[in-house]
2 protein chains.
Amino acid sequence: MAARTDLLDFASLGVLSEGPLHGYALRKALAEILGPFRALSYGSLYPCLRRLQAHGWIEQLGAVDGPTTKRARVVYALTGDGKDVFVEWANQPGSDAWDDESFATRLAFFSRTEASVRLRILEGRRSRMEERLALMRESMKRGRDRMDTFLLQMQEHGVEGAEREVSWLNSLILAERNVPKTELSNPPQVKRSRK
Amino acid sequence: MAARTDLLDFASLGVLSEGPLHGYALRKALAEILGPFRALSYGSLYPCLRRLQAHGWIEQLGAVDGPTTKRARVVYALTGDGKDVFVEWANQPGSDAWDDESFATRLAFFSRTEASVRLRILEGRRSRMEERLALMRESMKRGRDRMDTFLLQMQEHGVEGAEREVSWLNSLILAERNVPKTELSNPPQVKRSRK
DNA sequence: TTCGTCATGTAATGGGTTACATGATTAC
DNA sequence: GTAATCATGTAACCCATTACATGACGAA
């Protein structure tokens with residue numbers, strides 16, 4: 001699966017797993033993780049929160065900011081179920097994990113992913129990029145004569161970008177293989193052993 | 001402006017300005033230009049064609065492939081209006097021109113854009129990327145301690161990608177300045193018989 | 001004969017953005 | 001006092017993908 005919605009859901013769970021937040025703050029935190037530009041709108045955020053609550057993955061904490069504020073400032077916190085769901089997702093190397101958006105989201109929470117799964121995802125992503133590279137190169141070869149300078153330049157730039165990602169992935173994979181002892185590289189809490 | 005739809009419309013006009021095509025072939029041509037992966041679906045393509053026709057920018061040519069095919073193979077060609085609209089779009093350096101998708105589409109038809117406009121778009125895009133770069137760097141500085149290795153790595157990769165685009169743009173701008181005489185770098189060299 | 005590609009289209013569905021509606025708090 | 005930011009939510013709209021329906025043609 002890994003539809004847009006799921007990604008947003010899991011990213012939200014991931015952020016909330018570091019501590020309770022209210023919607024507005026969650027949005028900022030997500031924006032910081034996924035990149036300062038490309039913020040998501042409240043039109044997706046609040047429905048997402050409702051969805052997560054309906055699943056029983058988060059719960060309202062009430063106004064923790066004191067009684068001074070009349071306007072509700074609804075703070076949400078992960079439930080036990082929510083935590084489980086997030087951990088399960090973070091450690092499940094589904095084939096959708098190498099999709100552009102999916103991969104970025106997973107990477108953002110990689111410190112909560114087991115080392116073996118991290119490696120598999122990194123390698124899967126590398127294959128994906130290599131396939132894409134092959135397609136791009138073939139397409140360029142086929143249409144070289146038909147294309148003008150700018151189109152060619154654009155496509156070359158694209159190829160270089162993909163190559164750059166592959167070598168970046170290589171360095172990450174290398175680093176991952178050199179530290180295979182730690183299950184979780186950054187064990188903030190969570191000392192599960194689970195396989 | 002420059003919604004998704006408009007971009008698709010103009011890209012289609014651009015492709016059709018090189019000669020009449022039927023829907024299926026147009027889709028392939030678009031895919032080749034915008035990248036071999038990320039094809040658009042028929043669910044957007046055919047409505048787009050209907051839209052363009054409603055505007056009077058394209059017209060049906062009937063089955064030019066001979067009477068052998070029973071199944072209609074609807075060939076579309078640019079009208080005079082369509083040509084005008086495309087040229088106008090290609091030479092209009094609106095502020096939306098530096099958006100990610102918009103910029104890519106414009107670049108794909110840069111040979112039909114006047115040199116002065118090309119330069120302005122290139123420089124506008126560079127500013128955009130520099131702003132973005134500044135935001136990313138600031139965000140990284142702000143959250144450095146809070147972020148784990150992977151998040152940091154991801155954001156550094158993002159920054160490097162943006163830097164790469166800036167230097168790529170610099171080289172394009174430089175090239176553009178060195179050949180300021182030609183209005184159109186690639187004048188309608190088009191080998192087609194057009195109509 | 002069956003599979004892959006060519007070829008055109010429609011309807012349902014999903015889901016994100018935009019605009020709207022409301023109001024508190026802080027800084028100048 | 002007023003502008004900016006904080007803060008929550010809903011509803012309409014846009015539009016792209018997906019699935020479906022149909023059918024020809026060439027090759028294995």
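So you know, we letter chains A, B, ... as the sequences are listed, proteins then strands, and number each from 1.
- Screening residues 46-55 of chain B for side chain to side chain donor-acceptor pair (under 3.5 Å) gives B:D9-B:R51 as the qualifying pairs, with residues at least two apart or on separate chains.
- Below 30°, between 30° and 60°, or above 60°: for A:Y24 and A:Y42 the angle between ring planes is below 30°, a parallel geometry.
- Atom CD of B:E101 is separated from atom C1' of D:dA16 by 12 Å (rounded to the nearest Å).
- Taking the side-chain hydrogen bond (donor to acceptor under 3.5 Å, both in side chains) definition, one finds that B:S41 meets it with B:S44, sequence neighbours left out.
- Counting to the nearest Å, the P atom of D:dA16 and the CG atom of B:L34 are 13 Å from each other.
- Taking atom OH on B:Y76 and atom C1' on C:dA7, their separation rounds to 12 Å, with Å as the unit.
- Residues satisfying the salt bridge (charged side-chain N to carboxylate O under 4.0 Å, His left out) test with B:R126, not counting sequence neighbours, are none.
- DNA chain C is contacted by both A:R51 and B:G23; B:G23 maps to the nucleotide lying nearer its 5′ end (nearest heavy atom per residue).
- In this structure B:E163 satisfies the side-chain contact (heavy atoms from CB on, under 4.5 Å) test together with B:L133, B:R137, B:V159, B:E160, sequence neighbours excluded.
- For C:dG9, neither phosphate oxygen OP1 nor OP2 lies less than 4.0 angstrom from any side-chain nitrogen or oxygen of B:R50.
- Remark: A:L135 engages B:P36 in a side-chain contact (heavy atoms from CB on, under 4.5 Å) (not counting sequence neighbours).
- Residues meeting the salt bridge (charged side-chain N to carboxylate O under 4.0 Å, His left out) test with A:E101, sequence neighbours left out: A:R4.
- Note on the helix from C:dT1-D:dA28 to C:dC28-D:dG1: angle between the axes of the first and last five pairs equals 30°, rounded to 10 degrees.
- Every residue meeting the ring pair (Phe, Tyr, Trp, His ring centres under 6.0 Å) condition with B:F86, not counting sequence neighbours, appears here in chain and number order: B:W89, B:F109.
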TODO: Dump the intermediate steps for side-chain contact (heavy atoms from CB on, under 4.5 Å) on B:L8 and B:T5, then the final yes or no.
DONE: CA-CA 5 Å; B:L8 179 54; B:T5 332; 5.7 Å; no
All N/O contacts under 3.5 Å from nucleotides 3-6 of chain D to the protein, with atom names and distances to one decimal?
from, atom 1, to, atom 2, distance (Å)
D:dC6, OP2, A:Y24, OH, 2.5
D:dC6, O5', A:Y24, OH, 3.4

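- With sequence neighbours left out, the side-chain contact (heavy atoms from CB on, under 4.5 Å) criterion links A:Q153 to A:T149, B:W168, B:L172.
- We find that CG of A:L45 is positioned 15 Å from P of C:dT18, with the value rounded to whole Å.
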Under-3.5 Å N/O pairs linking protein and nucleotides 17-19 of chain D:
from, atom 1, to, atom 2, distance (Å)
D:dT17, OP2, B:S41, OG, 3.0
D:dT17, OP2, B:S44, OG, 2.9

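- Taking the side-chain contact (heavy atoms from CB on, under 4.5 Å) definition, one finds that B:A97 meets it with B:R106, B:I121, sequence neighbours left out.
- For A:Y46 and D:dA11, the OH to P distance is 16 Å, given to the nearest whole Å.
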